[in-house]
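Reading through the structure tokens given below for one structure.
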Amino acid sequence: MSYHFNKIEEKWQKYWAKNQTFQAKNDSDKPKYYVLDMFPYPSGAGLHVGHPLGYIASDIYARFKRHKGFNVLHPQGYDSFGLPAEQYAIQTGQHPAVTTENNIARYREQLDKIGFSFDWSREVRTSDPDYYKWTQWIFIQLFESWYDLEAEKSRPITELEKTFSSEGNSRVNAACDDDIEEFSAEDWKTYSEDEKERILLKYRLTYLAEAEVNWCPQLGTVLANDEIVNGVSERGGYPVVRKKMTQWSMRISAFSERLLQDLNKIDWTESLKESQRNWIGKSVGAMVHFNLYGETLKQVQGDGPAELVSASQPKISVFTTRPDTIFGVSFMTLAPEHDLVEKITTEDQKAEVQAYIEATAKRSERERMADVKTISGVFTGAYAEHPFTKEPVPIWIGDYVLAGYGTGAVMAVPCGDQRDHDFARHFDLPIPNIFENVDVSQEAYAGKEGTVIANSDFLSGLKYKEALQKVILELEKTGHGYGKTNYRLRDAVFSRQRYWGEPFPVYYVNGLPKMIDPKHLPLRLPEVEKYLPTETGEPPLGNASDWAWDTKNNKVVSNKMLKQVQHDEKGDVTPSGVEAHEDNGVYPLELNTMPGWAGSSWYLFRYMDAGNPDKFVSEEAQKYWENVDLYIGGSEHATGHLLYSRFWTKFLHDRGYLTVEEPFKKLINQGMILGTSAFVYRLEGENVFVSKNQIKGNNVQPIHADVSLVNASDELDIEGFKKWRPEFADAKFLTEDGKYIVGREVEKMSKSKYNVVNPDDICEDYGADTLRMYEMFLGPLEQAKPWNTAGITGVHNFLKKLWKLYHNGEEFAVSDDKASADSLKTFHKTIKKVTEDIEEFSFNTSVSTFMICVNELTAQRCNSREVLEPLAVLIAPYAPHIAEELWEKLGNSESVSTAKYPEYQEKYLVESKKNYPVSFNGKMRFTMELPLDMSKDEIEKNVLEDERTKNQLDGSTPKKVIVVPGKIVNIVV
RNA sequence: GCUCGAGUGGCGGAAUUGGUAGACGCGCUGGAUUCAAAAUCCAGUUCUUUCGGGAGUGUGGGUUCGAUUCCCACCUCGAGUACCA
């Protein structure tokens, strides 16, 4: 009976679905284990063979853990909000929900064919109102919270209000906007409700703020950085300008230190932790205040509003990691966008400064970053006062200083910082040297240790560390600054001008945001006629006719119930410009939607208790499953999803909704499977294609050919190619030996490169078990590797051999006789190796181990149940369908399990032996068979007592005996 | 520029608390079977050789009885990140 994989696989996929074999229970005597894949965005293109790689690995691990006696949670779902569905909607008018639904159906069909052990009863979709209801709920919780830097945790905003009314804000140490003014409890009581709300908004963990975005007026939309190429939009090539818009932001920066520290608690790869560390970008240094000098001071005080002058001495604050070099300051540089630039610039310099600011504004941030080499800047004519020498310091502006980092201003120390040095040389500014015995005339000296500071008043003669301490002390004493730790991590903009995302549960009264009461959630996405922004530049939800909130009846009502929507002169909708109609209780709703990462930041918890209508996850379910034990997905989410998800988990923990502080204990990044593209070569300007080896010196244009038209020897199916691309139907082909040979290149697998291999086709031709094992066999899980269908026959042959092992000709033939010693040895060796490999995620080598095992058992003519029955269990995680079929044929009525082999659950059945080479002074003399798990001392004892050893030593005592367990024994004489 | 990772046959890749380098698979060569093909099975396959051997894991050094593995310098490729003060 031959191996009919198609029939077998269909049969068992139906069986698993019908019996809900992989449904996990939320209570069990067994220990729990949670295996999660990064859920996919269901794109229209469907799956290619690269997508399931991580799913196969996690599925093997999940099935393995079940065999080991764990209660395993292994769910799957869809990250179903996103841009492609929306863009498709814009082009075709097809509702994104419909497209998404179709794509999910296709994904599910493809996933099912591969035989995953997902618990589909817990499926989640981020675009499902029953799901995003809770995304909106979490948003409200964030709004109702602030961050206490003293206690290092998020707390309810009501507690902050209490503190304000009892003692004002002077003693509050909170993560907040930087324009907070101090007030007392008395002040607080005199404030109106609106004023109080405006102040609280500066403390909330999600808040409204002006943020700079890339605005494309022609497209009427905001673009992400990667949608801009050379300063114009990728789509259409329209100009893009930097523009400030009111947006929701997440105060993730409050969590910087915890996000950094807790990296030490989790089992992620070092490179991934490193990129999160870089992203958080902690730097320790000092804040230094520079007062304005002479005429500049007068100018600012004269011009400025009275309260600003009286409030405090106008000053420029800078952040520096090297306050010890403060006596090396010879100028300051401000970002062109810095608030003070306009105020301090002298009459003489105004025109030049203005021109420079305009020139930089035109360039996108990305462009500015890419163009590092060009040095540019302008003198403002203004001066600041050095905090210690009291000397004037000229103030320049330059685009090498970024408005978004630190204070948007730097104290320039040309002798210690290369960028300052370059700037100084370019504009011929002085480069005072403050390092003993260092030449700074050619380049800056950035070293810290080993030098002594000179020409620096009270710092002269000190080393870096001493100087650092002393200068911070001095700054604090004189009120010119203080020690400060800065983080690069910025608050995350949370608003998107898109349709296909979660609506904010927010309406506006007098321009102030109000949350919808959670009991009236979900706030469903409204229907719109067009998915593009409105003509007046509002986000797509501005097209909805029913998008106003009736606070009396707590429901969405028609916009007609509102009085009138107003716009500012730029065309922006201003929340404050909206006035309610005689206060009928109907207010405008937020028009932005949430970004893609909103739904994916907490989905791992929803799986624990999917479908709970009352809570995002019940306490019991979360307490039982805790968090994800093993998370597998791509490394492209290193600083996005993985950081945001850690942030939300910490927040929900602080507020008492979760018992854990980290979402993912262990994380593995699977490598990408690349495609092998095929190229045909067309002679420039002619309709003639030349075979690869005939090109020689000819000028040819390579064109992608569909890989399905090329066989394993790189021969092109010419007739097929002509049919595939009708414009080449009349083309001529210059062949070699009658064959047209294509060129090959490894690239990312993509539809546009015609190198996509569909897993459905592989399942059809070779079976899902073959696909699963071959994907594992391709190479190490974490490494990128090209797909090559040719090699698949090796794995397929292995499964055929496995099948044969249980059959004699057409007959199923497994005997109840005892297995031979050789066969037992082979099998136990395999159990040991495979078990170790799985625990180390070396799935590729375990496939090899299976191949060796089957080859050896075949050679031994093993047909004993004693080996073949547990072998089916062992291989089941990799090739579940064939394992189930064989298991059934062996007379078992239940699904494959280790229930019959309790000892297998533990480790492996019996101890294995190994040949130890025994060497003398490095020269190998003989081998000795010893048990693998023997201790070092026992091995040494056994070897020394062996006759052959005694002969070699000939009476003398060895100097040293080196034992490497499982490997070698070396005796040094 | 900085950070991280990787360089092993014709190819994908094994082997790292230092211990028989090239497991396993693809491909290739030869053989068996077959009228023939497919499929299957068996043998061989790092290079070199005067058949005794000799060389060999990107390059050059070092530590060691012993190095693909550890250390130093360099070369190449890949990934991430980027004027972070």
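Chain identifiers are assigned alphabetically (A, B, ...) following the order of the sequence lines, protein sequences preceding nucleic acid strands; residue numbering begins at 1 within each chain.
At B/rA85, one or more side-chain N or O atoms of A/Ser283 fall inside 4.0 Å of OP1 or OP2 (strictly under the cut-off). Taking 4.0 angstrom as the limit, A/Gln783 places a side-chain polar atom (N or O) nearer than this to OP1 or OP2 of B/rG13. At the phosphate of B/rA85, neither OP1 nor OP2 sits under 4.0 Å from any side-chain N or O atom of A/Asn486.
Of the candidates A/Asp417, A/Leu334, A/Leu402, A/Val401, A/Val410 forms a side-chain contact (heavy atoms from CB on, under 4.5 Å) with just one, namely A/Val401.
Contact check on A/Arg277 versus A/Glu274 returns a salt bridge, with a Lys/Arg side-chain nitrogen under 4.0 Å from an Asp/Glu carboxylate oxygen.
A/Pro780 comes within 4.0 angstrom of sugar-phosphate atoms only, judged by non-hydrogen atoms across all strands, and of no base. Across all strands, A/Gln418 comes closer than 4.0 Å to no nucleic acid atom at all (heavy-atom distances).
For A/Lys785, the listed nucleotide lying nearest its side chain is B/rG13; candidates were B/rA82, B/rA85, B/rG13. In this structure, of B/rA14, B/rA85, B/rA23, it is B/rA23 that holds the atom nearest to the side chain of A/Ile852. Among B/rU40, B/rA82, B/rA85, the nucleotide with an atom closest to any side-chain atom of A/Lys800 is B/rU40. Minimum atom distance to the side chain of A/Arg419 is reached by B/rC84, of the listed B/rG13, B/rC24, B/rC84. Checking B/rA14, B/rC24, B/rC4 against the side-chain heavy atoms of A/Ser848 singles out B/rC24 as nearest.
The 5' end of RNA chain B is approached more closely, in terms of each residue's nearest nucleotide, by A/Glu274 than by the other of A/Glu274 and A/Thr321. Nearer to the 5' terminus of RNA chain B, by closest-nucleotide assignment, is the contact made by A/Asn278 (compared with the other of A/Ala784 and A/Asn278).
For B/rA55 and B/rU49, the P atoms lie 15 Å apart once the distance is rounded to whole Å. Of the C1' atoms belonging to B/rG12 and B/rU3, the separation is 29 Å, rounded to the nearest Å. As rounded to the nearest Å, B/rG9 and B/rG22 have C1' atoms that lie 7 Å from one another. Nucleotides B/rU20 and B/rU46 have their C1' atoms positioned 16 Å apart, rounded to a whole Å. Nucleotides B/rC11 and B/rG27 place their P atoms 15 Å apart, quoted to the nearest Å. Between the C1' atoms of B/rG13 and B/rU68, the separation comes to 14 Å (whole Å). Taking atom P on both nucleotides, B/rC35 is separated from B/rC24 by 34 Å, rounded to a whole Å. Distance check on atom C1': B/rU57 versus B/rG18 gives 15 Å, rounded to whole Å.
The distance from atom OG of A/Ser271 to atom CD of A/Gln276, rounded to the nearest 0.5 Å, is 11.0 Å.
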What protein N or O atoms touch nucleotides 25-29 of chain B N or O atoms at under 3.5 angstrom, if any, and at what distances?
from, atom 1, to, atom 2, distance (Å)
B/rG25, OP1, A/Asn855, ND2, 3.4

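Side-chain contact, A/Asp837 with A/Ser842: no donor N or O sits under 3.5 Å from an acceptor N or O. For the residue pair A/Ser253 and A/Asp491, a side-chain donor N or O sits within less than 3.5 Å of a side-chain acceptor on the partner.
With sequence neighbours excluded, the residues satisfying side chain to side chain donor-acceptor pair (under 3.5 Å) with A/Lys801 are A/Asn855.
With both pairing distances under 3.5 Å, B/rC74 is matched to B/rG58 as a Watson-Crick or G-U wobble pair. Across every strand in view, B/rA43 sits in a pair with B/rU29 that passes the Watson-Crick or G-U test at under 3.5 angstrom. Summarising the base pairing, B/rU20 is matched to no nucleotide, lacking a Watson-Crick or G-U wobble pair whose two defining distances lie under 3.5 Å.
Annotated as syn: B/rG9, whose glycosidic dihedral is within 90° of 0. Applying the 90° criterion around 0 to the glycosidic angle, B/rG52 comes out syn.
Outside the 6.0 Å centre-distance limit, the rings of A/Tyr774 and A/His796 are not counted as a close aromatic pair.
Summarising the geometry of A/Leu475 relative to A/Val288, their closest heavy-atom pair is CD1-CG2, 3.9 Å, with the distance given to 0.1 Å.
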